[in-house]
Amino acid sequence: MTTKKEQLTTSWGAPVGDNQNSMTAGSRGPTLLQDVHLLEKLAHFNRERVPERVVHAKGAGAHGYFEVTKDVTNYTKAKFLSDVGKRTPLFVRFSTVAGENGSADSVRDPRGFAVKFYTEDGNYDLVGNNTPVFFIRDAIKFPDFIHTQKRHPATHLKNPNAVWDFWSLSPESLHQVTILMSDRGIPATYRHMHGFGSHTFKWVNAEGEGVWIKYHFKTEQGVKNLSSDVAAKIAGENPDYHTEDLFNAIEKGDFPSWKVYVQIMPLEHADTYRFDPFDVTKVWSQKDYPLQEVGRMVLNRNPENYFAEVEQATFSPGTLVPGIDVSPDKMLQGRLFAYHDAHRYRVGANHQALPINRARNEVNNYQRDGQMRFDNNGGGAVYYEPNSVGGPKESHENKQASYAVSGVADSVPYDEHDHYTQAGDLYRLLSEEERKRLVQNVVNSMKPVESEEIKLRQIQHFIKADPDYGKRVANGLGLALEQNV
Ligand code: NDP
């Protein structure tokens, strides 16, 4: 007699009689179609993969908590930020961006830094990166940009021509390209990097007053990076290096943590600041808007099952809670649509009901049905609104804060084109050794580009950021510059 737990069952719960030998006509076969356990086993196996994320496919995740360490109730009514000492459970997914699900962790690439706070007012997702800026500032360019980071349609190889063609024709990328090519372009581990919300968001307090904010997660492990050589070696020897490091650190009780800060800008400053503060290719100088402490994030529990928790985790910058709104940032506005749309395709219409994504408070609405609806689907409760039978109701105090907009509806570029000052500021804050490595990384990346025109166009951008930066890249590529720099 086998006990219940030991009994192998089919997916419909019936005891399996033989899981090693398929049913055949005689000992040599052929195999019989009536072996329904075999059919089910093979068919389910064929369906084990959900579509890979088109970006951020390779990742690792962990559970933890956020603790408020400073009172920010002057600025936001978000309930999970309401009291010093308050803890909110969360789940984090770190990732690379361009590579496929099996690609190496230690590549030069931004890292995704996505946090899902399970707050009492619903989930709040902060879907950031380990860099404070991004390559582009209008979502309409995103599919094209990502195409350049992926494989050539004919050769199926990575394509440096496309990468640098696009960047050189999209000079707003220069700041992020400089960060990417600097030492911080390859973090030593997921634990040794900062995280940023990158976009500008709005915090709104109980009085309905708003401020613009930017999030900074500063690693308490210290920033550590890998040199290009060491990273390349690790990529060959252990492509899952960062995944393994995060899991092992948590497993042995060495819990990684981040101090969380915000920069706070009064709403009216947005009109007069020296550049558009919603432009995600730029940082707000910390001299203008210093970091203000909010809390601390600790990761202290590994997932029990990678697919259920990490692969099925679905984040969206549109997953907001009262007290936190969006800004007009055109990149953010596009992401508000794209993320959950990706998850509806990848995981299904009811992805938010899966255990890893489900809000910890009660979810009460009139959405019904859809593929894989696995709860009671609202049972017999009222399924439309308005209704006179006591269905769940909105609460106007939880509306997004109103604000004035104006302008002519048109497809227009940003009205500001200084892509150079902040990239140059970064170059100038680096030590001489850091600059040398930055230039070498740029040169190594640009060398395979076949077109001299692309290289020269890009060098002009480096020159505008800092003449020394451009000159060194040109020298490294063995290209003579026409103008005196
Ligand atoms: P600050 O001197 O006030 O801040 C410099 C920032 O750069 C700090 O956040 C610092 O924090 C970070 N930093 C230091 N060394 C490096 C490095 N080697 N690579 C990347 N970042 C580094 O100046 P500003 O705020 O005026 O910014 C100047 C430049 O610093 C910007 O153009 C931007 O490129 C870069 N930067 C700015 C950030 C911001 O939010 N203002 C954030 C990150 C970078 P830490 O050492 O803890 O990372």
Side-chain angles (χ1 to χ4, degrees), residues 108-111 113 126 128-135 137 167 171-201 211-228 231 256-265 269-270 273-294 296-297 327 329 331-332 416-442 461-462 464-466 468-469:
R108 187 171 297 285
D109 203 10
R111 299 300 188 277
F113 196 110
L126 186 57
N129 279 329
N130 71 330
T131 59
V133 296
F134 196 59
F135 296 95
R137 51 185 181 167
W167 282 343
E172 68 270 31
S173 62
L174 188 69
H175 192 187
Q176 174 80 321
V177 167
T178 302
I179 295 173
L180 179 66
M181 295 294 159
S182 77
D183 288 349
R184 294 190 187 191
I186 315 180
T189 77
Y190 285 136
R191 297 178 297 124
H192 292 94
M193 63 186 198
H194 295 329
F196 300 90
S198 304
H199 302 288
T200 298
F201 295 91
V211 285
W212 300 120
I213 59 124
K214 275 182 182 278
Y215 292 100
H216 297 247
F217 286 56
K218 296 263 191 183
T219 171
E220 293 194 312
Q221 291 65 244
V223 168
K224 280 193 198 151
N225 308 301
L226 296 175
S227 71
S228 300
S257 57
W258 285 259
K259 269 289 223 355
V260 181
Y261 301 85
V262 285
Q263 288 177 284
I264 299 179
M265 177 188 284
H269 285 205
Y273 196 46
R274 58 179 180 275
F275 55 83
D276 178 352
F278 310 124
D279 174 349
V280 71
T281 64
K282 296 192 173 57
V283 293
W284 301 349
S285 174
Q286 292 174 35
K287 295 171 197 92
D288 299 337
Y289 300 101
L291 300 187
Q292 304 197 30
E293 186 180 323
V294 182
R296 189 163 173 263
M297 177 174 90
S327 76
D329 175 337
M331 191 65 212
L332 172 61
E416 191 272 322
H417 301 284
D418 176 8
H419 312 303
Y420 307 104
T421 304
Q422 293 202 349
D425 288 346
L426 177 59
Y427 182 77
R428 288 181 285 277
L429 77 71
L430 300 180
S431 69
E432 175 54 23
E433 286 310 306
E434 288 175 320
R435 286 183 198 180
K436 276 189 192 153
R437 290 192 293 270
L438 162 69
V439 168
Q440 195 55 53
N441 292 331
V442 171
H461 299 315
F462 293 132
K464 285 187 197 161
D466 193 293
D468 181 64
Y469 186 9

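Starting from 1, each residue takes its place in the sequence as its number. Values below: every heavy atom of this structure, side chains too, minus hydrogens, waters and symmetry copies. Order of listing sets the numbers, starting from 1, for every ligand and every atom in it.
- Note on Lys436 versus Glu433: salt bridge recorded, some NZ/NE/NH1/NH2 to OD/OE distance being below 4.0 Å.
- For Glu416, the side chain to side chain donor-acceptor pair (under 3.5 Å) partners two or more places apart in sequence, or in a different chain, are Lys282.
- Relative orientation of the His216 and Phe196 rings is perpendicular, given thresholds of 30° and 60° on the angle between their planes.
- For Arg435 and Tyr427, the positive end sits near the middle of the six-membered ring, less than 6.0 Å away and at most 45° from its axis.
- In this pair, Tyr469 and Phe462 present their aromatic rings tilted. The plane angle is within the 30 to 60° band.
- Protein residues having at least one heavy atom under 4.0 Å from any atom of ligand 1 are Pro132, His175, Arg184, His194, His216, Lys218, Gln263, Val283, Trp284, Ser285, Gln286, Lys287, Gln422, Asp425, Leu426, Leu429, Leu430, Glu434, listed by chain and number.
- Contact check on Arg274 versus Asp288 returns a salt bridge, with a Lys/Arg side-chain nitrogen under 4.0 Å from an Asp/Glu carboxylate oxygen.
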